[in-house]
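Reviewing the structure listed below.
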Number of protein chains: 2
Amino acid sequence: MSTRAYGQYCGFARALETIGERWTLLIVRDLLVGPKRFTDLLRGLPGVPSNVLTARLKELEDAGIVYRRALPRPQRGVVYALSPYGAQLETVVDALGRWGAKNLRDPRPGEAVTPESLVTALRATFQPDAARGVHATFALRVGGVALHARVDDGRIAVAAGAPDDADLVIDAGPGIRALMAGEITPSHAVKAGVVQLRGKKKLLDVFARLFRIDPMPSRATA
Amino acid sequence: MSTRAYGQYCGFARALETIGERWTLLIVRDLLVGPKRFTDLLRGLPGVPSNVLTARLKELEDAGIVYRRALPRPQRGVVYALSPYGAQLETVVDALGRWGAKNLRDPRPGEAVTPESLVTALRATFQPDAARGVHATFALRVGGVALHARVDDGRIAVAAGAPDDADLVIDAGPGIRALMAGEITPSHAVKAGVVQLRGKKKLLDVFARLFRIDPMPSRATA
DNA sequence: CCGGATCCTCGGTGATACTG
DNA sequence: CAGTATCACCGAGGATCCGG
């Protein structure tokens with residue numbers, strides 16, 4: 001165990017010993033989107049030193065969360081993928097992503113946007129109850145990053161890249177957060193140029209209902 | 001921001017900047033059980049240096065997660081309590097506790113058991129669906145620590161201390177984990193002396209259904 | 001006793017350079 | 001492409017001390 005133990009016989013404390021170190025959960029977040037090579041992870045995690053990434057991957061492998069797999073024939077090299085146990089961290093990552101999104105305001109100077117962070121954000125903010133009877137594919141383009149979400153009656157699949165069968169294509173910037181948080185209405189977002197649409201433009205209302213960032217609770221609600 | 005930023009415009013990354021440092025989520029876990037004084041936290045977190053606890057509490061206060069409150073009249077001093085935003089970390093703490101509990105085997109030498117860790121474990125493993133129509137109060141005593149859970153038709157309230165109206169009193173050791181994980185049956189747990197009961201002993205079956213640690217997924221389920 | 005502040009040591013992190 | 005090697009530095013860990 002690289003990290004110092006917390007000295008408690010407790011599942012929660014043990015979990016923190018396993019995935020509580022710096023960068024670890026960000027690596028898991030990226031691998032939840034799909035298997036990745038070492039260099040892919042390096043690029044998706046701006047600022048992570050390569051030796052730290054090496055150490056974290058080894059710790060995750062020792063913990064049975066990640067395993068190394070040889071890439072299929074045409075390519076060479078290895079990819080890192082989540083084990084079933086590691087994939088079960090999705091509920092944790094999504095819950096933490098929802099919690100953090102409430103407190104998100106404007107981007108800081110120089111902050112990056114990666115496909116993996118956007119896929120996670122969309123998956124975490126999805127409201128299954130609001131998606132009953134909805135069948136639609138949304139394509140998003142935010143800050144030069146393309147991703148898409150297929151909604152299928154309460155279920156969802158989010159992935160990186162542009163689909164060829166999108167019902168609605170949304171071109172946006174960081175302001176899309178304000179739309180998902182309900183700070184601006186869909187129609188106002190269109191008028192103000194926060195989003196630009198192609199396809200079935202009326203689906204933007206559906207999008208705004210399906211992907212919701214809950215408001216910050218007021219202190220008075222203590 | 002005391003912690004180094006991750007450089008991503010992403011709710012999840014921001015959340016990790018806020019609560020991702022060592023000891024921080026353990027402090028939140030303990031405060032989820034109830035407001036605590038500085039010294040209470042120090043005792044509940046074996047090994048935390050007091051200066052680190054001071055720093056973490058200040059960071060949590062600056063982030064709007066924790067606030068200091070003067071203790072009511074008879075006593076003096078201050079307590080630290082969670083803000084509404086901080087209390088919303090309960091879903092994260094519970095999800096991580098459930099995940100970690102699957103991987104929990106035997107205690108390591110010298111590991112402590114605190115009331116807060118047990119309250120969290122019981123709350124996190126509670127199965128609301130299995131509690132339909134159940135009204136019962138369980139008292140637990142594990143490793144010298146007393147706590148109780150009041151189950152009320154799908155809802156639960158877990159707290160430290162011994163109640164005066166328990167339907168079933170369970171006296172156990174670390175082996176109670178094996179019972180909750182389904183590795184041993186309730187009747188075998190009684191026969192083997194893993195648990196000792198007082199009160200309505202038939203409720204142990206209910207207890208074992210209400211508080212479940214899911215099994216580790218097999219690697220083959222990838 | 002409570003609620004910290006101060007000092008010192010050591011290990012992990014971050015940055016860079018380099019190699020199979 | 002996929003990592004090692006090296007090193008500076010900062011924050012964690014541990015002990016002690018201090019004001020109310």
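Worth saying up front: this structure is predicted, and the values here are computed from it rather than measured. Chain letters run A, B, ... following the sequence lines, proteins first and then strands; every chain starts at 1. All values below were derived from every heavy atom in this structure, side-chain atoms included, with hydrogens, water molecules and symmetry-related copies excluded.
The side chain of B:Pro49 lies closest to D:dG13, out of D:dA2, C:dG14, D:dG13. Nearest nucleotide to the side chain of A:Asn51, out of C:dG4, C:dG12, D:dA5: D:dA5. The nucleotide whose nearest atom lies closest to any side-chain atom of B:Arg4 is, among D:dG3, C:dG14, D:dG14, C:dG14. Comparing atom distances between the B:Arg56 side chain and each of D:dG3, D:dG11, C:dG3 picks out D:dG11 as nearest. Looking at the side chain of B:Ser50, the nearest of the listed nucleotides C:dT13, D:dG11, D:dT16 is D:dT16. Counting only heavy atoms from C-beta on, B:Val52 has its side chain closest to D:dA12 among C:dG4, D:dA12, C:dT13.
What separates CD1 of B:Ile27 from C1' of C:dG3 is a distance of 15 Å, to the nearest Å. For the pair B:Arg37 CZ and C:dG3 C1', the computed distance is 10 Å after rounding to whole Å. Distance B:Arg68 CZ to C:dC2 P: 16 Å, rounded to the nearest Å. The separation between B:Glu61 atom CD and C:dG3 atom C1' is 14 Å, rounded to whole Å.
Not one N or O on the side chain of B:Asp171 forms a donor-acceptor pair closer than 3.5 Å with the backbone of B:Gln196. Judged purely by atom type and a 3.5 angstrom limit, B:Gln88 has no side-chain atom pairing as donor or acceptor with the backbone of B:Ser83.
Within the 4.0 angstrom heavy-atom criterion, only backbone atoms of the sugar-phosphate kind lie near B:Thr54; the bases stay farther away. In this structure, A:Val48 reaches neither bases nor backbone, as no heavy-atom distance under 4.0 Å exists between it and the strands shown.
Below 30°, between 30° and 60°, or above 60°: for A:Tyr6 and B:Trp23 the angle between ring planes is above 60°, a perpendicular geometry.
Between A:Arg43 and D:dC1 there is no side-chain N or O to OP1 or OP2 distance below 4.0 Å. Note on B:Tyr80: a side-chain N or O is less than 4.0 Å away from OP1 or OP2 of C:dG4. Here A:Arg22 reaches the OP1 or OP2 of C:dG14: one of its side-chain N or O atoms lies under 4.0 Å away.
At least one cation-pi condition fails for B:Arg150 and B:Phe138: the charged atom is not both under 6.0 angstrom from the six-membered ring centre and inside a 45 degree cone around its axis.
Across every non-hydrogen atom of A:Val151 and A:Ala131, the tightest pair is CG1-CB, 3.9 Å.
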